[in-house]
Amino acid sequence: MELDARAFWIRSPGEGEIRPVELPEPGPGEVVVRTVFSGVSRGTETLVFRGGVPENQYAVMRAPFQDGAFPGPVKYGYLNVGVVEHGPPELAGRHVFCLYPHQTRYVVPAGAVVPVPDGVPPERAVLAGTVETAVNALWDAAPLVGDRIAVVGAGMVGCSVAGVLAGLPGCDVQLVDVDPARAGTARALGVSFALPGDAEGGRDLVFHASATEDGLARSLELLAPEGEVIELSWYGDRKVSVPLGEFFHSRRLAVRASQVGMVAPARRSRRAFGDRLALALRLLAAPAFDALITGNSPFEELPQAMARLASGETPALCHRIDYPHG
């Protein structure tokens, strides 16, 4: 069995490279996975690429199979789909999702991979990690049938939230972003779209994912009395101000954090991480999520592609990485 591999490493902030990796022999209960696709989660991964993780968040921001340490050298990533080349019979030859960095082949415990359901193309399954974030956000927010909901920020996380909310009966879901081109993405997901100044108010819930002060302020403005903002943005080492004057107290508004590192309290006693990820993969049977994959590059060009994504030269939601023999 071939046990050599290559992996993408951030050598130092703003500089990436492909390095050879020598894999260990798989032990009992482990699988060997050959990667066919991985995805770049543009917001978090480009922040890591730029060296923007605050030192006091190094432990919190570790990816499950990260090697190295922030700010670098570090091997980072968590959207990986591959084929099991060696493992138990129920997994052998199957496409699986794993929270693994960008690497051509890897060895992990069998429990770290989740089979991609029939009917979910492997190239779409790279979105599972971000749709899992959306699932956790909805568990935190507990939206009700018929709610009026806004999602402010049409990046990868915001669009994933909107895509999951689109299936909630009777809900009025509006995706809000400064980029008018995101109207097409909203249409594909089955929700309405508005620029920030045109967004409809009186919202029962607002999911904020723009990672900007203006976006957070607008999210509060869009709430109905006693409404709640679910804050999904990751600001890295930036400090932001929150407008807690004006109508914040008179309307009894709330801002609450949601973070995928723990299962939402409402489900923590009954759902494990694997259950949440398996649900995200099942939701990806909907073809509408293809709208979130906005470009692709071959694995060998990942250092250059990551630099372009980090600089904004390549605009993207999820940028897919294609592997040899994928």
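Position 1 is the first residue of the sequence, and the numbers go up from there.
V33 and Y323 fall into different hydrophobic clusters, where Ile, Leu, Val, Met, Phe, Trp and Tyr residues are linked whenever their side-chain heavy atoms come under 4.5 Å apart, directly or through other members. Hydrophobic clustering (side-chain heavy atoms under 4.5 Å, transitive across Ile, Leu, Val, Met, Phe, Trp, Tyr) groups M156 together with L138. A single hydrophobic cluster is seen to contain both L79 and V81, as judged by linkage of ILVMFWY side chains at heavy-atom distances under 4.5 Å, directly or through other members. A continuous path of ILVMFWY side-chain contacts below 4.5 Å connects L165 to L175, so both sit in one hydrophobic cluster. Hydrophobic clustering (ILVMFWY, side-chain heavy atoms < 4.5 Å, transitive): L284 and V126 are in one cluster.
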Exercise for the section: Just do the salt bridge (charged side-chain N to carboxylate O under 4.0 Å, His left out) check on D172 and R148 with the steps written out, would you? Expected result: CA-CA 5 Å; D172 174 9; R148 295 162 296 181; over 6 Å; no
Problem - Check against side chain to side chain contact (heavy atoms under 4.5 Å, CB included), L283 and V135 - result: CA-CA 10 Å; L283 291 171; V135 168; 3.7 Å; yes
Exercise for the section: For the pair R320 and E123, evaluate side chain to side chain contact (heavy atoms under 4.5 Å, CB included) and give the outcome as yes or no after the intermediate values. Expected result: CA-CA 8 Å; R320 194 186 71 220; E123 55 267 38; 4.0 Å; yes
Exercise for the section: Run the numbers on R203 and E200 for side chain to side chain contact (heavy atoms under 4.5 Å, CB included), then give the verdict. Expected result: CA-CA 8 Å; R203 304 280 103 177; E200 297 178 8; 3.3 Å; yes
Practice task
Apply ring pair (Phe, Tyr, Trp, His ring centres under 6.0 Å) to the pair Y76 and F70, showing each step before the final yes or no.
Solution key: CA-CA 9 Å; Y76 192 85; F70 303 121; 5.6 Å; yes
Exercise for the section: Let me see the working for R182 and D177 under salt bridge (charged side-chain N to carboxylate O under 4.0 Å, His left out), right down to the final yes or no. Expected result: CA-CA 7 Å; R182 290 287 182 254; D177 198 85; 5.1 Å; no
Handout entry: From CA spacing to verdict: side chain to side chain contact (heavy atoms under 4.5 Å, CB included), M262, R268
Key = CA-CA 8 Å; M262 292 187 291; R268 196 172 298 163; 4.1 Å; yes
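Side-chain contact between V161 and L232 is present, with heavy atoms from C-beta onward closer than 4.5 Å. Counting heavy atoms from C-beta on, the side chains of L317 and T185 come closer than 4.5 Å. Side-chain contact check for N80 versus P101: every heavy-atom pair is 4.5 Å or farther apart. Residues S233 and L216 fail the side-chain proximity criterion, which asks for heavy atoms closer than 4.5 Å. Between V263 and W139, the closest side-chain pair of non-hydrogen atoms falls below 4.5 Å. Contact of the E17 side chain with the F8 side chain is not registered, since no non-hydrogen atoms from C-beta on lie closer than 4.5 Å. Under the 4.5 Å side-chain criterion, counting only non-hydrogen atoms from C-beta, V260 is in contact with E132. Side-chain contact check for C159 versus L189: some heavy-atom pair is nearer than 4.5 Å.
Closest heavy-atom contact between G146 and C171: N-SG, 3.8 Å. Across every non-hydrogen atom of D140 and A257, the tightest pair is OD2-O, 4.4 Å. Annotation for G158 and V151: closest pair O-CG1, 3.4 Å, computed over non-hydrogen atoms. Looking at every heavy atom in both residues, V178 comes nearest to P196 through CG1-CG, 3.7 Å. Contact between P298 and I321 at its shortest, heavy atoms only, is C-CG2, 4.2 Å. Nearest approach of F248 to A254, heavy atoms of both residues: CE1-N, 4.3 Å.
In this structure a side-chain-to-backbone donor-acceptor pair under 3.5 Å is missing from D198 to L195. Side-chain atoms of T130 never come within 3.5 Å of backbone atoms of S160 as a donor-acceptor pair (strictly under, hydrogens ignored). Put simply, the side chain of N136 gets close to the backbone of Q259: a donor and an acceptor are under 3.5 Å apart. Distance alone, capped at 3.5 Å, is enough to place a donor-acceptor pair between the D147 side chain and the L144 backbone. For E213 (side chain) and S241 (main-chain N/O), a donor-acceptor pair under 3.5 Å exists by modelled atom type. Listed for the S311 side chain is a donor-acceptor partner under 3.5 Å among the backbone atoms of E313. Remark: the backbone N or O of F49 is not paired with any side-chain donor or acceptor of T46 at under 3.5 angstrom.
Geometrically, R251 engages F247 in a cation-pi contact, judged by NZ or CZ lying under 6.0 Å from the ring centre and within 45° of the ring axis.
A side-chain N or O of Q103 and one of K75 form a donor-acceptor pair less than 3.5 Å apart. H319 and E45 share no side-chain donor-acceptor pair at under 3.5 Å.
Annotation: R252, atom CZ; neighbour count of heavy atoms from other residues, nucleotides and ligands within 6.0 Å does not exceed 12. The number of heavy-atom neighbours closer than 6.0 Å to CD of Q57, taken from other residues, nucleotides and ligands shown, is above 12.
Salt-bridge check for R256 with E228: passed, with a basic side-chain N closer than 4.0 Å to an acidic carboxylate O.
Annotation: Y78 is not in aromatic contact with F65 [ring centroid separation under 6.0 Å not met].
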